[in-house]
Amino acid sequence: MLHQQVVSPILDLPKQPGLPMRLSRYFLPILREDPKEAEIVSHRLMLRAGMIRQESAGIYAWLPMGYRVLQKINAIVREEQNRAGAIELLMPVIQSADLWRESGRYDDFGKEMLRICDRHDRDMLFGPTNEEMITEIFRGYVRSYKDLPLNLYHIQWKFRDEVRPRFGVMRSREFLMKDAYSFDLDVAGARHSYNRMFVAYLRTFARMGLKAIPIRADTGPIGGDLSHEFIILASTGESEVFCHGDYLAMEPPAADIDFDDPAQMQGIFDDWTSRYAATEEMHDKAAFEALPDNAKVSARGIEVGHIFFFGTKYSQAMKAVVSGPDGKDIPVQMGSYGIGPSRLAAALIEANHDESGIIWPDAVAPFHVGIANLKTGDAATDAACESLYAKLEKAGRDVLYDDRDERPGAKFARMDLIGLPWQVIVGPKGLAEGKVEVKNRRSGERELLSPDEALNKLSGT
RNA sequence: CGGAGUGUAGCGCAGUCUGGUAGCGCACCUGCUUCGGGAGCAGGGGGUCGGAGGUUCGAAUCCUCUCACUCCGACCA
């Protein structure tokens with residue numbers, strides 16, 4: 001029996017040694033017809049491509065294909081958080097009501113908070129966010145200004161009892177969130193922490209192939225003074241966005257920037273916030289109209305990240321203080337920074353699809369390459385596929401091998417639907433001439449190459 | 001939370017008005033023929049019709065209650 005390593009979305013996706021990912025032995029329950037309840041394209045495609053299954057209103061199981069995407073997203077989020085100096089931990093899903101009474105949010109949150117009672121009649125809740133808990137952890141250990149700055153994050157399931165969940169995992173009740181929390185001695189330090197996360201977010205979304213536009217936002221129930229939403233443009237987005245066209249051409253900050261350099265971070269922040277960008281609620285028609293005509297972009301957008309600086313809102317209420325250089329207690333300056341990986345999975349599809357299905361950007365694709373064996377059982381095609389599979393895996397590519405005994409048409413349609421970036425089509429006709437066909441899912445371009453050439457092209461150098 | 005709907009096989013649906021013992025397409029299983037863009041023929045398996053009560057000789061169908069889900073609006077990572 002093959003023991004697959006159990007991996008939670010909170011952990012890295014390790015390279016799993018084991019049997020090849022043969023479709024005949026995999027679990028990829030695709031749907032041929034559109035499920036009637038799915039209104040938007042990402043929801044439809046996630047159901048059809050066997051990524052998710054609805055278990056209750058706004059609650060989904062992540063099937064293997066969807067789970068892989070989620071893990072790829074998490075890996076990028078995690079890398080960029082770490083790069084920016086944030087430190088990963090893991091807080092529980094279930095929280096005590098007392099913690100929320102301290103901050104005063106137990107009542108504020110209202111019906112959106114799922115409340116439960118344990119056997120001892122203690123009030124508990126399913127965490128919608130973790131400001132209270134992280135503040136409680138912080139104050140339990142940190143006493144001195146010398147231990148600042150500090151930025152802690154986790155990737156954990158959250159629950160918000162939405163009045164009307166919809167659009168699949170785009171607006172679900174249970175959702176995965178990366179939430180980071182920064183602690184600083186003073187406002188200037190906190191501002192730097194905010195900028196670091198701002199820059200990390202620019203890089204995170206860019207790495208997934210998304211154009212994310214930072215938009216100054218309302219602070220809402222989290223509270224505070226400064227806040228930005230990161231919105232990606234997609235025709236099926238929920239909200240209307242107005243912005244300067246420059247944003248579509250801007251390059252994300254490079255990997256080798258110095259996150260510890262306040263001036264550099266502030267410079268990037270200034271650059272990315274100097275142009276007009278607003279959602280419907282904050283839209284300033286006059287300012288937008290003043291832009292040159294060719295710079296006016298109005299489009300639909302999906303919020304995939306939201307960052308807040310809220311000062312001492314929680315540290316004061318919950319007495320998270322450190323001793324300053326003068327020995328006096330100072331409430332710490334805090335910020336929080338959220339990204340929704342589960343929503344991102346859907347947003348990525350909204351931004352990357354066509355009539356045939358999903359078109360995964362390489363960085364988040366569940367598999368990089370799909371090998372379609374057009375004639376299983378034929379010694380030559382079987383051998384060519386096995387060989388390609390082994391070599392691509394060795395080259396570090398994630399490969400899905402379609403070894404099912406089906407007609408070519410069905411295989412093509414399924415490959416297009418699940419949207420792997422590259423398809424290698426191996427059939428007797430091509431092999432007779434020593435060729436396989438390499439197809440790029442996005443461009444539709446096909447090339448006849450020898451297996452070695454195909455291997456070279458797809459090895460990712 | 002207001003409004004509108006829908007629950008019949010894994011998925012998509014018909015049957016409900018007008019009660020008579022459940023059907024179609026896809027999927028699945030078997031066989032043969034096929035095989036480079038979702039094959040054809042033949043055969044086969046699978047449903048206590050969301051649940052509970054009631055009316056009736058008889059209920060998927062009529063009545064009452066209930067549960068779940070979806071859509072539109074207000075609200076939101």
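Note on naming: letters A, B, ... go to the chains in the order of the sequence lines (proteins, then strands), and numbering restarts at 1 for each one.
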So what does [X] touch, heavy atoms closer than 4.0 Å: a base, only the sugar-phosphate, or nothing?
X	value
A/S56	sugar-phosphate
A/D179	nothing
A/E39	sugar-phosphate
A/E162	base
A/G340	nothing
A/K439	base
A/T376	nothing
A/Q54	sugar-phosphate
A/I425	base

Whether A/F230 and A/F205 hold their rings parallel, tilted or perpendicular, with breakpoints at 30° and 60°: tilted
Six-ring centre of A/F175, A/R343 cation under 6.0 angstrom, axis tolerance 45°: no
Partner residues of A/Q333 under the side-chain hydrogen bond (donor to acceptor under 3.5 Å, both in side chains) criterion, sequence neighbours left out: none
Nucleotide B/G37, atom P - distance to CG of A/N373 in whole Å: 16 Å
Distance in angstrom units between A/K375 NZ and B/U34 C1', rounded: 10 Å
For [N], give its Watson-Crick or G-U wobble partner with both distances under 3.5 Å, or none.
N	value
B/A60	none
B/G43	B/C29
B/U48	none

Ionic contact status for A/R105 with A/D108, cut-off 4.0 Å: no
Side-chain-base donor-acceptor pair under 3.5 Å for A/E406 and B/G38: no
N/O donor-acceptor pair, side chain A/R166 with base B/U70, under 3.5 angstrom: no
What are the atom names and distances for every N/O pair under 3.5 Å that joins the protein to nucleotides 1-11 of chain B?
residue : atom : partner : partner atom : Å
B/C1    : OP1  : A/K111  : NZ           : 3.0

Closest-nucleotide ordering on RNA chain B, the 5'-leading residue of A/D405 and A/H43: A/D405
Nearest-nucleotide comparison on RNA chain B, the residue closer to the 5′ end among A/R446 and A/E238: A/R446
B/A77 base stacked by A/F175 (centroids within less than 5.5 Å, tilt under 30°): yes
Nucleotide nearest [X] when distance is taken to its side chain, options [options]:
X	options	answer
A/A410	B/G38, B/C75, B/G36	B/G38
A/P408	B/C28, B/C35, B/A77	B/C35
A/R48	B/A77, B/G36, B/G38	B/G38

Worked check of side-chain hydrogen bond (donor to acceptor under 3.5 Å, both in side chains) between A/R404 and A/Y26: CA-CA 10 Å; A/R404 291 182 46 145; A/Y26 199 53; over 6 Å; no
From CA spacing to verdict: salt bridge (charged side-chain N to carboxylate O under 4.0 Å, His left out), A/R78, A/E88: CA-CA 8 Å; A/R78 185 172 285 124; A/E88 188 170 13; 2.9 Å; yes
A/N440 and A/S443 side chains, donor-acceptor separation under 3.5 Å: yes
Under 4.0 angstrom between A/R32 side-chain N/O and B/A27 OP1 or OP2: yes
Phosphate-side-chain proximity, A/R407 and B/A39, N/O vs OP1/OP2 below 4.0 Å: yes
Shortest non-hydrogen contact from A/P341 toward A/K178: CD-N, 3.8 Å
